[in-house]
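Notes to accompany the following structure.
Model, not experiment: these values are computed from the prediction. Protein chains get the first letters and strands the later ones, always in sequence-line order, with residue 1 at the start of each.
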Protein chains: 2
Amino acid sequence: MVSEQGYHIAVVGATGAVGQKMLETLEKKNFPIKSLKLLSSSRSAGIKINFKGEEFTVEEATPASFEGVQIALFSAGGSVSKALAHEAVARGAVVVDNTSAFRMDENVPLVVPEVNEQDIANHNGIIANPNCSTIQMVAALKPIQDKFGISRVIVSTYQAVSGAGNAAAEELRQQSQAFLNGEELNPELLPVKGEKKHYPIAFNALPQIDVFQDNGYTYEEMKMINETKKIMHAPELKVAATCVRLPFFTSHAESVYVEVDGENVQVSDVQEALRHAPGVVLEDDPANQVYPTPLSASNKSDVFVGRIRRDLDNPNGFHLWVVSDNLLKGAAWNSVQIAESLVNNNWLK
Amino acid sequence: MVSEQGYHIAVVGATGAVGQKMLETLEKKNFPIKSLKLLSSSRSAGIKINFKGEEFTVEEATPASFEGVQIALFSAGGSVSKALAHEAVARGAVVVDNTSAFRMDENVPLVVPEVNEQDIANHNGIIANPNCSTIQMVAALKPIQDKFGISRVIVSTYQAVSGAGNAAAEELRQQSQAFLNGEELNPELLPVKGEKKHYPIAFNALPQIDVFQDNGYTYEEMKMINETKKIMHAPELKVAATCVRLPFFTSHAESVYVEVDGENVQVSDVQEALRHAPGVVLEDDPANQVYPTPLSASNKSDVFVGRIRRDLDNPNGFHLWVVSDNLLKGAAWNSVQIAESLVNNNWLK
C-alpha cells in the first residue's frame, strides 16, 4: 500500500528490465510514495503490475501524465526521454533519467551518489543516471582517486545480456537451449537491436555493445570513457575501454587497470581504501579463492571488488576485478539513490 | 592408413581434449606417419581410436613405450611429461610437450613457429608448446613487434572451458542445462580441478584460471607474462595479464592493449602488418560489424584479429581483439606445426 506521507512518483518504462527492478527497489528500500504512476509506451499500456500489494495499471506516457508528479524515473529508451523529460520538468517534476539522452549535457548532472552526490544540488530538473558499466567502475575508482589520485584507467568489460533488456535475456535463454539440443541458433537481436547483422550470444562472446562510432570505438565504450571523466570531475583522466557482451544474464564484471599518482602505494593500501568505501564490498582473498563473480553479485546493491594486485612492471599500476548487478547499482538502485538524495537533501525544488 | 614413408610418432594423452585434436590435426594436415602409438595413463588404456580408417588401441605410457619413436607429442599433464619426457628423449625421440613442465627451462625452446621457429634448431630433445592463451597473443603481436617495436602489453582474457579439458566442457554443458531447468548447480571441477572451492561456470565468469601464486596472480597469468617474453626474445617487454574463464566451449578471446615504439603509427599500418602475417587473419571492419568471435574462430587453425583502434590518450597505444581456437592453434595445431618444422628442416637429430 502506498503511504499518505511521501511523494508523487512516476516510473516511465515500468514493464522493462530496469523498470521492474526500479519498482522492486522502491518497494524494498521503502521509498516514501504518496502516489505511483506506471507509464510506458502504448504497446505496454494496460498491463497490470503489483506494488506493495496494490494493483496498478500501466498507462501510456503522455505529457499530461506528469501533472502532479514530483519525481519521474525514466527508463524507456533515449527517444522517450528526449520526447517527454522536458514535458515532465515543465509540469514540475524532477526527472531521474536512466537513458543516455542527457548524460553528456553540461546542464544535466550525471550522478553516482557515492562519487558526486553534491552535483545533484545543481540540477535544472533533470539528473542523469550513468551507463551501467560506468557506475560500478567509478564507485570502485573513487576511493582510490580520493586517497592516491589516479591518472589512467584501462578497462575490459564482461557484460551481461540483461543490459540489452528482457528480450536479450530471452534470446540467450532460447539460444542456449537450442545449442544444448544441437539445434540451429537464429540470432535476431544481439549484439544490437536493429543493427544489420546479428550474432549468436549463447556460448559466445561479442566484442560489440551498442553501435560503432567513426573512431572505431562502440558507443558503449565512448560512454564509459566520457561519463567516467564527467562523474569524477577529471577531464584530464586517461580512460580506455573495450566492451564485450557475454553469455550470462545479470551483473557486469570488469578487468580494470588503474595507475595511481601516489608513491609507494601498496596493495593493502588500495584494499584498505575500498574496505571502508560506501557501496563497495571488498571480496579479495586469493589464498582462499575469494573474489566476486556475476552470479555471486546478482540481486545485491553493492559493487564488489577483488583480485587487487600490483602491476609487475609499473609500481603505480594496479589491477582490479569489479563486479556489480547491472540492473541494480548499474541502473535501478542508482536511480532510486538519486531520488532518495533529492528528498533527503531537500533538493527537489 | 599410415604410410610406409614417414615417421614413427607417439601421442601421449591421446584420449584427452588436446590429444583428440592432435590426432584430427595429424590426419587433416596429412602428416607423414610410418607408425603411430597412442599412449595414455593406465586409466584410459584399452580405449580404441580410429585414425585414417585404422583402429588403434590406446596403451599405457611407460618408458619402454618410446623405443623406436622419433617424435612424441605429449599432452597428458605436467606430471606425465616430467616422468616420461626425458625417458622418451633417452630412447631417441624428440618430444613436443604441450604442458607447462619445461616451458621456462632455459634448455628447452618454447616455440610458436610463426614467431620463433628458428629456436627449434637449438633443441636438446624437448621443445615446449606454449600456453594456449599465450600462443594466440604472440602470433598477433609478432608482426607488430617486427614492424614497429613494442614496449608494453596489457591483456584481459576471455577463455573457453575446453582449456581445462573435456571434463570441464562437460561440466559447463550439464550446469547450463540445470540452470535452464531451474535446478541447482553443483560445481565440482572449475575453476581448478582439485582446488578447495569450486564455483558455477554456467552463465557466470570466474576470474581464476589455475592456482594463485603468492604475488596475487594466477599461474595462468604468470604463464602469459613469462612465456610471452621468452617466445618474443624480449625480456624487457612489460606484460600484464588478467585471465578469466567464461561459459563457452571453444576458442579464447583476448582484449589486448599494446604500446608500440614507432612514431606516427596509424591503425591502417597495424592492420597492414597483420593482414600479411603468417597464421593471422584480419577480421576488422567495424562499419560492417566484422570482428572475430569464439564461435566464428572455432575449428579453424588461424589467429583472428579485429577491433584494432588507437588509444584516445596515447598515440602509441593500440587496442586489439584476438580470437583463436584454443585446442588447435592454442595446442594441437601448434604442436603439429613444430613437428612439421622438425621434419622439414631436418632438425630431428
Given a strict heavy-atom distance threshold of 4.5 Å, which part of [X] is in contact with chain B: side chain, backbone, both, or neither?
X        : answer
A:Ala297 : neither
A:Arg310 : backbone
A:Pro191 : side chain
A:Val192 : neither
A:Leu295 : both
A:Glu195 : both
A:Leu246 : side chain
A:Asn288 : both
A:Glu236 : neither
A:Ala287 : backbone
A:Phe248 : both
A:Tyr217 : both
A:Asp284 : neither

Which atoms of [X] come close to chain A, meaning under 4.5 Å heavy atom to heavy atom: side chain ones, backbone ones, both, or neither?
X        : result
B:Glu221 : side chain
B:Asp214 : neither
B:Ile308 : neither
B:Leu312 : both
B:Thr218 : both

Worksheet item: Is it true that the NZ or CZ of A:Arg173 lies under 6.0 Å from the centre of A:Phe249's six-membered ring and within 45 degrees of the ring axis?
Response: yes

Item to complete: Assess the pair B:Phe148 and B:Phe318: is the distance between their ring centroids shorter than 6.0 Å?
Response: no

Worksheet item: So which of A:Ala240, A:Gly306, A:Ala205, A:Gly216 has the biggest tally of heavy-atom pairs under 4.5 Å with chain B?
Response: A:Ala205

Practice prompt. Heavy-atom pairs under 4.5 Å with chain B are the metric here; pick the option from A:Val244, A:Thr250, A:Ile154, A:Leu206 that has the most.
Written response: A:Val244

Do you see a donor-acceptor pair shorter than 3.5 Å between the side chains of [X] and [Y]?
X        : Y        : answer
A:Ser176 : B:Ser176 : no
B:Ser251 : B:Ser298 : yes
B:Gln159 : B:Glu220 : yes
A:Gln177 : A:Asn181 : yes

Discussion item. Which one wins on heavy-atom pair count under 4.5 Å against chain A: B:Gln289, B:Gln208, B:Lys238?
Written reply: B:Gln289

Fill in: Options B:Pro200, B:Ser255, B:Pro286, ranked by heavy-atom pairs under 4.5 Å with chain A, top entry
B:Pro286

Any donor and acceptor pair, going by atom type alone, linking the side chain of [X] with main-chain N or O of [Y] inside 3.5 Å?
X        : Y        : result
B:Trp321 : A:Pro207 : no
A:His252 : A:Ser133 : no
B:Arg245 : B:Ala160 : yes
B:Glu259 : B:Val153 : no
A:His319 : A:Arg309 : no

Practice prompt. Name the orientation class of the two ring planes belonging to A:Tyr291 and B:Phe212 (parallel below 30°, tilted from 30 to 60°, perpendicular beyond 60°).
Written response: tilted

Worksheet item: Is the number of heavy atoms from other residues, nucleotides or ligands within 6.0 Å of NZ (B:Lys193) greater than 12?
Response: no

